[in-house]
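Here is the structure we will look at, set down as structure tokens.
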Amino acid sequence: MDTAAATGLTFRDATDADVDALVALIESAYRGDSSRTGWTTEADILQGQRTDPDGVIAVIKSPDSRLLTVERDGEVVACCQLEHRGDHAYFGMFAVSPTLQGGGLGKVIITEAERTARETWGVTEMHMTVISVRDDLIAWYERRGYRRTGKMTPFPYGDERFGVPQRDDLQFELLVKPLT
């Protein structure tokens, strides 16, 4: 049975018409009080914006990128970015509506994203970066088969397009999963 169909989900590439809904979804999943409804909130470590219309448009327009939009009953409930980077794909901008988190939707979406990247580009690995202090989120990805690499990149302190840090120890860790 098709898992997406079983959950009533439809997957499609985002269009310009989706920008406002996607920005609202991503912000609601990570920032402010609305994000506290779910478990993916970054509200205690970052304030300010998570993304903006220009950032979403850039992903939609990039020739090597797809912004998968996930709908249920015509409503945008989740999204994720897939970017082709040679032998691997990058997974980012992953957001699930906070009111739907914790019910298995994320597992269905990441599985579909991995299948899409493998079938579309023939990639053998999926890469992502996660804020290294997000132990709960990293553990969730590890349960999906991702492994920590220990490779860190600095958080862009001073660039408010990525948020306003509430602590001085933020960095991104690369997580990798073979897609075989």
Side-chain angles (χ1 to χ4, degrees), residues 1-14 18-53 55-56 59-60 65-83 89-117 126-148 155 162-167 170 172-177 179:
M1 179 183 342
D2 178 20
T3 307
T7 57
L9 301 177
T10 57
F11 291 80
R12 62 175 176 78
D13 287 335
D18 297 313
V19 171
D20 290 341
L22 291 169
V23 169
L25 168 70
I26 294 163
E27 292 297 310
S28 74
Y30 291 98
R31 299 288 199 275
D33 288 336
S34 66
S35 69
R36 295 181 194 283
T37 304
W39 68 273
T40 62
T41 184
E42 295 172 343
D44 294 329
I45 59 172
L46 290 162
Q47 293 181 359
Q49 72 178 30
R50 179 64 152 47
T51 193
D52 59 25
V56 172
V59 173
I60 291 171
S65 192
R66 298 176 72 177
L67 185 53
L68 288 182
T69 301
V70 185
E71 293 179 325
R72 179 184 278 159
D73 299 325
E75 179 185 353
V76 175
V77 297
C79 67
C80 65
Q81 171 192 10
L82 295 172
E83 184 176 319
Y90 178 79
F91 178 82
M93 211 176 271
F94 186 29
V96 175
S97 174
T99 59
L100 299 175
Q101 291 177 16
L105 197 55
K107 293 176 198 172
V108 172
I109 294 163
I110 198 167
T111 299
E112 177 65 13
E114 292 164 355
R115 184 198 66 74
T116 299
M126 185 79 86
H127 291 197
M128 71 174 70
T129 55
V130 179
I131 297 173
S132 63
V133 299
R134 294 292 317 275
D135 294 329
D136 55 344
L137 188 58
I138 291 170
W140 187 86
Y141 285 121
E142 287 178 316
R143 291 191 299 274
R144 312 279 89 67
Y146 288 81
R147 65 176 174 74
R148 299 180 84 155
F155 186 86
F162 300 97
V164 179
Q166 301 301 297
R167 46 194 290 177
L170 301 182
F172 294 104
E173 182 171 3
L174 175 66
L175 305 182
V176 176
K177 178 180 180 178
L179 298 179

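Just so you know, these numbers use all the heavy atoms, side chains as well, and skip hydrogens, waters and symmetry mates.
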Rounded to the nearest 0.5 Å, what's the gap from [atom1] on [X] to [atom2] on [Y]? Could you check?
| X | Y | atom1 | atom2 | result |
| --- | --- | --- | --- | --- |
| Gln47 | Arg31 | CD | CZ | 9.0 Å |
| Asp136 | Arg134 | CG | CZ | 5.0 Å |
| Leu82 | Met126 | CG | CE | 5.0 Å |
| Thr69 | Leu9 | OG1 | CG | 12.5 Å |
| Tyr141 | Glu173 | OH | CD | 13.0 Å |
| Phe155 | Leu46 | CZ | CG | 4.5 Å |

Shortest non-hydrogen contact between [X] and [Y], atoms and distance:
| X | Y | value |
| --- | --- | --- |
| Val96 | Gly106 | CG2-CA, 4.3 Å |
| Leu25 | Ser28 | O-OG, 2.8 Å |
| Val164 | Gln166 | O-NE2, 2.9 Å |
| Ala43 | Ser35 | CB-OG, 3.9 Å |
| Gly38 | Gln101 | CA-OE1, 3.2 Å |
| Arg148 | Ser132 | NH2-O, 3.9 Å |

Ring geometry between Trp39 and Trp140 (parallel below 30°, tilted from 30 to 60°, perpendicular above 60°): tilted

- [ ] Determine, step by step, whether Thr129 and Tyr90 satisfy the side chain to side chain donor-acceptor pair (under 3.5 Å) criterion, reporting the C-alpha distance in whole Å, the side-chain angles of both residues, the deciding distance to 0.1 Å, and the verdict.
- [x] CA-CA 9 Å; Thr129 55; Tyr90 178 79; 2.9 Å; yes

Applying side-chain contact (heavy atoms from CB on, under 4.5 Å) to Phe11 and Ile109, what does each step give before you reach the verdict?
CA-CA 9 Å; Phe11 291 80; Ile109 294 163; 4.2 Å; yes

Per side chain to side chain contact (heavy atoms under 4.5 Å, CB included), Cys80 is matched among Leu68, Thr116, Leu67 by Leu68

The side chain to side chain contact (heavy atoms under 4.5 Å, CB included) partner of Cys79 among Val56, Val59, Ile26 is Ile26

Crowding at CG, Asp13 (>12 non-hydrogen neighbours, <6.0 Å): yes

Item to complete: Applying side-chain contact (heavy atoms from CB on, under 4.5 Å), run through Phe162 and Leu170 and close with a yes or a no.
Response: CA-CA 12 Å; Phe162 300 97; Leu170 301 182; over 6 Å; no

### Task
For Glu112 and Val70, run side-chain contact (heavy atoms from CB on, under 4.5 Å): C-alpha distance rounded to whole Å, both residues' side-chain angles, the deciding distance at 0.1 Å, then the answer.
CA-CA 10 Å; Glu112 177 65 13; Val70 185; over 6 Å; no

message = Using only atom types and a distance under 3.5 Å, with no angle test, would you say the side chain of Glu27 pairs donor to acceptor with the backbone of Gln49?
response = no

message = Under a 3.5 Å distance rule, please check whether Glu42 uses its side chain to pair with a backbone N or O of Thr40 as donor and acceptor.
response = no

Sorted by chain and number, sequence neighbours left out, ring-ring contact (aromatic ring centres under 6.0 Å, His included) with Phe91 holds for Phe94

Would you call [X] and [Y] a side-chain contact if the rule is heavy atoms closer than 4.5 Å?
| X | Y | answer |
| --- | --- | --- |
| Leu22 | Met93 | no |
| Ile131 | Phe172 | yes |
| Arg12 | Asp18 | yes |

#### Entry: Chi angles and distances behind the side-chain contact (heavy atoms from CB on, under 4.5 Å) call for Ile110, Met128
CA-CA 12 Å; Ile110 198 167; Met128 71 174 70; 4.3 Å; yes

